[in-house]
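Here is how names work: the chains are called A, B, and so on, in the same order as the sequence lines, proteins then strands, and each is numbered from 1. All of these numbers come straight from a predicted model, not from anything done at the bench.
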Amino acid sequence: MFESEFERNLFALRQEKLKAIEALGQSAYPNRFPAEENQQADPIADIRATWNSIPAEQLNELPDTERPRVAVAGRIITIRQQGKAGFATLQQQGQRLQIYVRLDAVGEQAFALYKLLDLGDHIGVSGYLFRTRTGELTIHVETLTFLSKAMLALPEKYHGLADVEARYRQRYVDLFTNLDSREVFIKRAKVLKAVRNFFDTRGYIEVETPMMQPIAGGAAARPFTTHHNTLDMDLYLRIAPELYLKRLVVGGIDRVYEINRNFRNEGVSTQHNPEFTMLEFYQAYANYHDLMTLTEELIAYVAQEVNGTTVIEYNEQTIDLAKWQRLSMIQAIIDYWPEIANPKPQTQDFASKDSLFATVSRLYLVYEQLYQSHDEAQTKLMQVMAARYKRPDLSDYSVGSVVDREDQDFIDWQKHDKEARLNFAESRRIGGVLHVFMSLSEKNEQIGKTIYSLFETIVEPNLFQPTIIYDYPTAVSPLSKQSPENPEVVERFEFFIGGFEVGNAFSELNDPVEQKKRFEDQLTQRAGGDDEAHQMDEDYVRALTYGLPPTGGEGIGIDRLTMLLTGSKSIRDVILFPLMRAEKGSEIRDQRSESDTH
RNA sequence: GAGCUCGUAGCUCAGUCGGUAGAGCAACGCACUUUUAAUGCGUGGGUCCUGGGUUCGAUUCCCAGCGAGCUCACCA
């Protein structure tokens with residue numbers, strides 16, 4: 001329980017104070033404030049809303065009988081003793097209000113209690129409002145009620161809790177010391193509320209489908225496995241609700257949505273947490289074009305509800321969530337084709353394997369010229385960069401080693417120079433092209449996969465402004481309906497904001513024969529070692545056989561959307577309790593383990 | 001999984017070119033009846049993340065481990 005002697009001593013000291021408080025006739029752990037069950041405490045927010053605008057001369061001149069009397073409960077976050085009087089700041093629901101306690105107003109006993117209070121304690125006060133000499137709205141306390149004691153020391157009052165790890169592990173401390181952090185989660189709640197309101201008013205039904213599934217379907221990801229004892233049955237935590245929601249559309253719930261957790265047994269990063277919140281919705285008789293419009297409306301609406309504006313600042317970029325562009329995947333690759341690899345490819349270059357190979361090779365050659373360690377061009381580039389950024393040592397490095405050299409100097413240097421950062425990103429991207437090239441030439445992959453890799457490499461990191469990318473390759477979309485004009489692409493889009501993917505949508509594949517075939521293809525890939533390929537879901541095929549109407553469906557990452565709307569750079573900042581490694585020395589105890597050590 | 005960086009008092013952080021450490025806040029004591037990062041005086045508080053190595057001597061240098069952050073990989 002205690003990290004140190006300091007904490008042990010403090011705890012003992014506070015226990016003594018609790019006893020002293022009880023000796024004053026107060027309960028150490030009372031169960032309500034105010035004690036009278038027919039009365040309610042006043043929220044600080046309400047008090048401020050009413051009195052913030054009333055000036056001191058008006059408020060302080062009121063006769064005693066007309067003074068505004070309030071009862072407030074809260075946590076003490078600052079306290080200033082001053083002999084026979086003192087101040088404290090109470091915090092309640094993220095709002096703060098100062099109280100003023102003086103001996104001649106509260107009496108000996110209450111003042112003795114005031115002197116036993118510590119930072120972090122919860123108290124209740126009643127009294128009247130006034131403004132101090134400096135104009136601060138303050139409660140002139142008449143009665144003081146002890147509510148609960150903080151037995152541990154609070155973080156430093158000025159800086160708050162800054163240690164990132166501690167903020168995640170002890171979110172409760174983060175929340176009451178860092179009000180910015182609290183604000184993020186208030187906004188998250190508003191996001192959920194706005195999303196629900198958006199769909200509810202459009203006639204969608206909210207549902208909850210299984211989190212534990214016998215077959216983990218609906219996405220390509222590795223699942224968590226669990227086991228039901230009585231049925232002696234292995235189950236997976238779901239990686240997506242998709243196949244269940246479409247069963248519901250078969251069942252006649254034409255407009256349906258679900259907001260719930262997905263679980264994917266994969267790495268963690270600033271954009272990934274093993275459990276994350278997904279919105280999925282389906283609309284019968286609609287296709288992906290309908291969903292594009294709906295998506296644009298939804299995102300703008302949520303932003304407006306949460307922030308009061310559709311404009312956000314994210315990673316030093318100004319983004320208007322009401323202004324969208326729509327590009328086909330191939331057009332996006334053409335548009336974002338690196339300048340150094342000009343001329344840009346043409347649409348027909350993506351049509352055949354040979355022409356695609358030639359196109360990627362061309363990019364690769366540029367990459368090679370810039371990136372390979374003994375190349376003249378890259379040495380020259382490094383010299384230019386060294387001169388431009390006043391880092392003579394850079395000329396000693398190859399592009400590759402600079403890219404890998406992420407020392408603090410280099411990181412700072414990038415932070416302060418946008419152009420340098422772009423060059424850095426460019427060399428990274430070009431590096432990625434190598435992998436595209438390799439996959440095309442060595443693994444004899446389908447064209448679609450290469451196009452998709454190319455897109456991810458050169459386009460995706462640049463998609464800061466809201467962008468819908470449509471017409472995905474069939475090869476990477478096992479659950480989407482093919483385009484009637486071109487069987488190589490499916491009626492699918494993803495949308496990107498701030499440089500990452502936020503949502504994914506498509507016209508749902510509803511041909512049971514084709515679906516079965518695609519599952520079988522996936523099984524082949526699974527047998528080939530791809531443990532993220534889909535498993536066969538016979539019942540889902542049976543559901544399709546009963547007839548799924550033409551349907552559009554979409555998934556949106558709520559955490560990522562919240563990141564954008566709160567300016568959070570890490571997904572962990574928008575998840576209350578992100579997954580962390582076990583704390584050292586905190587092996588989990590159960591009934592069978594040894595007795596308490598303290 | 002890889003690289004880089006970090007781990008010093010409850011908190012926020014200094015520092016030691018190798019000789020077992022400091023500040024502010026918090027805590028404790030005293031003073032103070034309009035302060036607000038209150039103030040003034042005084043006191044206590046440290047396995048310098050853990051384990052090895054080098055050394056007369058390691059918190060500091062080296063190696064390994066643990067934890068974290070960032071970047072990458074993975075993740076359509």
Side-chain angles (χ1 to χ4, degrees), chain A residues 2-11 13-14 56 60 77-89 96 98-105 111 118-120 130-136 138 140 150-169 173 177 219-222 239 264-274 276 401 403-412 414-415 424-425 428 431-432 435 448-449 452-453 455-456 460 469 472-473 475-480 492 494 500-501 504 532-533 569-570 572 580-586:
Chain A
F2 300 111
E3 304 256 322
S4 65
E5 204 55 35
F6 173 89
E7 290 196 345
R8 190 188 309 277
N9 291 339
L10 190 66
F11 188 87
L13 197 69
R14 301 246 162 130
N60 293 354
I77 49 153
T78 66
I79 190 161
R80 296 175 288 281
Q81 310 253 7
Q82 244 177 330
K84 294 185 175 56
F87 293 88
T89 309
R96 293 177 176 179
Q98 178 169 263
I99 64 168
Y100 178 52
V101 183
R102 45 190 291 173
L103 173 60
D104 55 13
F111 200 73
D118 291 295
L119 286 176
F130 76 112
R131 282 189 188 275
T132 63
R133 195 177 285 163
T134 54
E136 172 103 16
T138 303
H140 197 288
M151 308 295 277
L152 292 171
L154 264 52
E156 211 245 9
K157 65 183 165 192
Y158 187 57
H159 297 93
L161 190 63
D163 181 67
V164 180
E165 179 179 354
R167 292 210 300 114
Y168 296 151
R169 287 195 194 276
V173 178
T177 51
R222 274 151 55 201
I239 55 175
R264 297 186 184 176
N265 205 339
E266 282 152 7
V268 293
S269 79
T270 50
Q271 275 147 38
H272 300 84
N273 195 62
F276 62 100
S401 66
V403 162
D404 290 331
R405 188 185 148 79
E406 290 176 9
D407 61 9
Q408 198 55 46
D409 272 2
F410 186 72
I411 290 164
D412 290 347
Q414 280 189 73
K415 270 186 192 150
F424 177 80
R428 272 284 189 222
H435 298 289
K449 282 203 170 180
Y452 185 70
S453 300
F455 165 77
E456 283 187 304
E460 185 172 338
I469 300 290
Y472 272 61
V476 296
S477 315
L479 298 164
S480 322
R492 172 183 178 193
E494 293 191 336
F500 53 79
E501 176 198 340
N504 177 23
E532 287 172 5
K569 292 197 168 110
S570 169
R572 295 177 152 200
M580 306 287 280
R581 278 178 218 273
E583 260 183 294
K584 61 180 166 183
S586 70

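- Of the nucleotides present, B:C41 is the one that pairs with B:G29 by Watson-Crick or G-U wobble criteria, both distances under 3.5 Å.
- Residue A:Arg96 is classed as having no contact, given no heavy-atom separation below 4.0 Å to the nucleic acid.
- A:Gly86 comes within 4.0 angstrom of nothing in the nucleic acid, heavy atoms only.
- Residue-to-nucleotide proximity on RNA chain B shows that, of A:Ala162 and A:His140, the 5′-proximal contact is made by A:Ala162.
- As rounded to whole Å, 16 Å separates atom C1' of B:A9 from atom NE2 of A:His159.
- Atom-to-atom distance recorded for A:Asn273:CG and A:Arg572:CZ is 6.5 Å, nearest 0.5 angstrom.
- A:Leu154 has its CG atom 17 Å from the P atom of B:A37, to the nearest Å.
- Between A:Glu136 and A:Glu501, the one whose closest nucleotide on RNA chain B sits nearer the 5' end is A:Glu136.
- Under the salt bridge (Lys or Arg N to Asp or Glu O under 4.0 Å) criterion, A:Glu494 pairs with A:Arg492, sequence neighbours left out.
- Contact annotation: the side chain of A:Leu152 approaches that of A:Glu7 to within less than 4.5 Å [non-hydrogen atoms, C-beta and beyond].
- Rounded to whole angstrom, the span from the CZ atom of A:Arg102 across to the C1' atom of B:U33 amounts to 5 Å.
- In this structure, B:U35 forms no base pair with any nucleotide, since neither Watson-Crick nor G-U wobble geometry is met with both distances under 3.5 Å.
- Here B:U8 presents its P atom at 8 Å from CG of A:Asp163, a figure rounded to the nearest Å.
- Base pairing analysis places B:C13 opposite B:G22; the two distances defining the Watson-Crick or G-U wobble pair are each below 3.5 Å.
- Among the atoms of the strands shown, none is found under 4.0 Å from any heavy atom of A:Leu103.
- Nucleic acid contact for A:Thr177: none, since no nucleic acid atom lies under 4.0 Å from a heavy atom of the residue.
- Using a 4.0 Å heavy-atom distance criterion, A:Arg167 is classed as making no nucleic acid contact.
- The separation of B:U20 from B:C48, taken at their C1' atoms, amounts to 9 Å, rounded to a whole angstrom.
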Detail all sub-3.5 Å separations between protein N/O atoms and N/O atoms belonging to nucleotides 38-41 of chain B.
from, atom 1, to, atom 2, distance (Å)
B:A38, OP1, A:Lys157, NZ, 2.1
B:A38, OP2, A:Arg80, NH1, 3.3
B:A38, N6, A:Gln81, O, 3.0

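- Note on A:Arg222: nothing from the nucleic acid sits closer than 4.0 angstrom, heavy atoms only.
- Comparing the C1' positions of B:U12 and B:G3 gives an interatomic distance of 29 Å, to the nearest angstrom.
- B:C32 and B:G44: their P atoms are spaced 24 Å apart (whole Å).
- Across all strands, A:Tyr168 comes closer than 4.0 Å only to sugar-phosphate atoms, never to a base (heavy-atom distances).
- Straight-line distance between the C1' atoms of B:U71 and B:C62: roughly 26 Å, to the nearest whole Å.
- Between A:Tyr100 and A:Phe130, the ring planes are tilted. Angles from 30° to 60° get that label.
- In terms of heavy-atom proximity, A:Arg264 sits nearest to A:Ala221 at CD-CB, 3.5 Å.
- Between A:Ser570 and A:Tyr168 the shortest side-chain heavy-atom distance falls below 4.5 Å.
- Rounded to whole Å, the separation between the C1' atoms of B:A9 and B:G65 comes to 25 Å.
- In this structure, A:Gln98 places its CD atom 13 Å from C1' of B:A37, rounding to the nearest Å.
- Comparing the P positions of B:G18 and B:G24 gives an interatomic distance of 28 Å, to the nearest angstrom.
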